[in-house]
Amino acid sequence: MAAGLAGKNGCRVLLLDHSHKIGEKIRISGGGRCNFTNIHTKPANFISENPHFCKSALARYTPRDFITLIESHGIAYHEKTKGQLFCDNNATEIIDMLLAECEKYSVVVLSRTHIDSVLKEPSGEFLCRSSQGEFMAQSLVIATGGLSIPKIGATSFAYAVAKQFGLKVIPTRPALVPLTFDDQFLNLARNLSGLSVDPSIVSAEKTSFEEALLFTHRGLSGPSILQISSYWKMGIPIVLNLLPHEKVLDQLKAARKSDPKKMLRTILEVLLPSRLADYLAALSGYDEQMANLSDKKIESIAKQLTAWEIIPSGTEGYRTAEVTAGGVDTHELSSKTMESSKVSGLYFIGEAVDVTGHLGGFNFQWAWSSAASCAAALCQR
Ligand SMILES: Cc1cc2nc3c(=O)[nH]c(=O)nc-3n(C[C@H](O)[C@H](O)[C@H](O)COP(=O)(O)OP(=O)(O)OC[C@H]3O[C@@H](n4cnc5c(N)ncnc54)[C@H](O)[C@@H]3O)c2cc1C
């Protein structure tokens, strides 16, 4: 994105990538259809030590700007849910579009290129030594992403370059990642594997997300878990509300009056998928006739349904994380241009930077927006 826009603005651009294919993450994104933006993008959808940093770039290059670009390439798309835009056909259309833009503006693309070192010469230019030779450049844009999915080429290159030039890196962690659980909870989740609760609210400390929750043979997953994983810290519980729009306590008390002979599980089956209802009734230890349930028992059942506390044992890590939280410290970058305030001509964009989007197309929008800010600055140098 940055290379194409810089080329369009009149820069001579060389794009180096160590992978044999460009844009692999785009290819695998959004289940192969690339959730390329979110029409409701706002700064509150991003996590950063410096929450204001993303504002300028997001305002300068908006979801509408990217939609205009994909429409100009005839790419069909649709809104799936909550402002999330996906390709109708295939994520590779986005890759092809970006490469076509590069070609149109004479960007030289070298894939399968190993970068051996990057130095700043006394002249102020950057010298890049690579497996395809040495290159000199007035400006250097680092867009090598985060650590997620090393299998398809993720590396710590951006952080290493940042550190080499004396920039701070906010400690990284896997985000938008399934959480893992101890054997006791895992057994329960396995019994419920495949079951989805939609909507649910999942919270960690003061942050909550209302999205679908999925029981899997590895524990819990689904959008609500991925979202909360970006905020979750080791040792703290997550809290599940399986019935966010029901007055559960009142309903259970009312059922005790109206259906005193019915078993708890029968009442819960009205509110939840029956497999989950039966399981939770058994788990509560109170699967009795409603008439037998004291207020205290009913309160405890309602708490399990609306404030079920579970302490995850960890996350699945970078192997499956969609993004990497943390990264190059934004306090050392210009929010208008993405240029390092310490090293003239050195830029960091995209996921490498300490700006992490929520699930739903925000991470790509950050990649496009930060690229656009950087590209506009490059041609003014
Ligand atoms: C499974 C999955 C699904 C996703 N789905 C979505 C989605 O639908 N919507 C959304 O908004 N976000 C999604 N994301 C997140 C999104 O893909 C990233 O945030 C986005 O790709 C970041 O763009 P980037 O250009 O900063 O980095 P990347 O896309 O990671 O690109 C970095 C490039 O740098 C290259 N590189 C890395 N190290 C080196 C090195 N040492 N030398 C040379 N080249 C190097 C890589 O080969 C790669 O081509 C998903 C991520 C994953 C893993």
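Both backbone and side-chain heavy atoms feed into the values below; hydrogens, waters and symmetry mates do not. Atoms within a ligand are numbered from 1 in the order they appear, just like the ligands themselves. Residue indices begin at 1 and follow the sequence shown.
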Can you confirm, on distance only, whether ligand 1 has an N/O atom lying under 3.5 Å from any N/O atom belonging to G30?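 In this structure, G30 places an N or O atom under 3.5 Å from an N or O of ligand 1.
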
Would one find an N or O of T113, backbone or side chain, under 3.5 Å from an N or O of ligand 1?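 Not met; the criterion fails.
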
Contacting atoms of ligand 1, where contact means under 4.0 angstrom from a heavy atom of [X]:
X: S19; answer: 47 (O)
X: E351; answer: 18 (C), 19 (O), 20 (C), 22 (C), 26 (O)
X: N35; answer: 7 (C), 8 (O), 9 (N), 10 (C), 11 (O)
X: G145; answer: 26 (O), 27 (O), 30 (O), 32 (C)
X: G350; answer: 26 (O)
X: V323; answer: 15 (C), 19 (O)
X: I149; answer: 53 (C)
X: G153; answer: 37 (C), 38 (N)

Looking only at protein heavy atoms, which one is nearest to atom 51 (C) of ligand 1, and how far off is it?
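Protein heavy atom at minimum distance: E322 O, 3.1 Å.
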
- request: Evaluate side-chain hydrogen bond (donor to acceptor under 3.5 Å, both in side chains) for S341 paired with E332, printing each intermediate quantity in order.
  value: CA-CA 6 Å; S341 45; E332 308 203 314; over 6 Å; no

key: Selection from F86, F364, F36 by shortest heavy-atom distance to atom 12 (N) of ligand 1   =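 Comparing heavy atoms across F86, F364, F36, the nearest one to atom 12 (N) of ligand 1 lies in F364.
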
Pick whichever of H18, H114, R112, K25 has a heavy atom sitting closest to atom 29 (O) of ligand 1.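 Residue with the shortest heavy-atom distance to the ligand atom: K25.
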
For [X], which part has a heavy atom under 4.0 Å from ligand 1: side chain, backbone, both, or neither?
X: T37; result: neither
X: I115; result: side chain
X: S29; result: both
X: F362; result: backbone

request  = Quick one: list whatever passes side chain to side chain contact (heavy atoms under 4.5 Å, CB included) with S200, sequence neighbours left out.
outcome  =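 With sequence neighbours excluded, S200 shows a side chain to side chain contact (heavy atoms under 4.5 Å, CB included) to V197, V202, L213, S224, given in chain and number order.
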
- prompt: Would you say I22 and L16 are hydrophobically clustered, going by side-chain heavy atoms of ILVMFWY under 4.5 Å?
  reply: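 In one cluster: no.
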
**Message:** Do F157 and L110 land in one hydrophobic cluster if side-chain heavy atoms of ILVMFWY residues count as linked below 4.5 Å?
**Reply:**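 In one cluster with F157: L110, yes.
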
request  = Would you confirm whether the ring centroid of H358 sits within less than 6.0 angstrom of the ring centroid of F209?
outcome  =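 Centroid distance F209-H358: below 6.0 Å, so yes.
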
- Query: Aromatic ring centroids of W366 and F362 under 6.0 Å?
  - Reply: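 Ring centroids of W366 and F362 are no less than 6.0 Å from each other.
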
Original post:
Will you find, in the side chains of T68 and D65, an N or O donor that is under 3.5 Å from an N or O acceptor?
Top reply: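 Judged by distance alone, the side chains do not pair up.
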
Q.
Keeping S48 on the side-chain end and D354 on the backbone end, is there a donor-acceptor pair under 3.5 Å?
A.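 The answer is yes, because a donor-acceptor pair under 3.5 Å joins these two groups.
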
Subject >> Heavy atom of S148, distance to ligand 1 below 4.0 Å >> reply: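 S148: no contact with ligand 1 (<4.0 Å).
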
Hey, does A143 sit under 4.0 Å from ligand 1 if you only count heavy atoms?
->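 So A143 counts as touching ligand 1.
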
(message) Can you list, by chain and residue number, the hydrophobic cluster partners of I152 when the side-chain cut-off is 4.5 Å?
(response)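 I28, I149, all in the cluster of I152.
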
Could you tell me how the ring of W308 sits relative to the ring of F185: parallel (under 30°), tilted (30 to 60°) or perpendicular (over 60°)?
->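 Perpendicular.
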
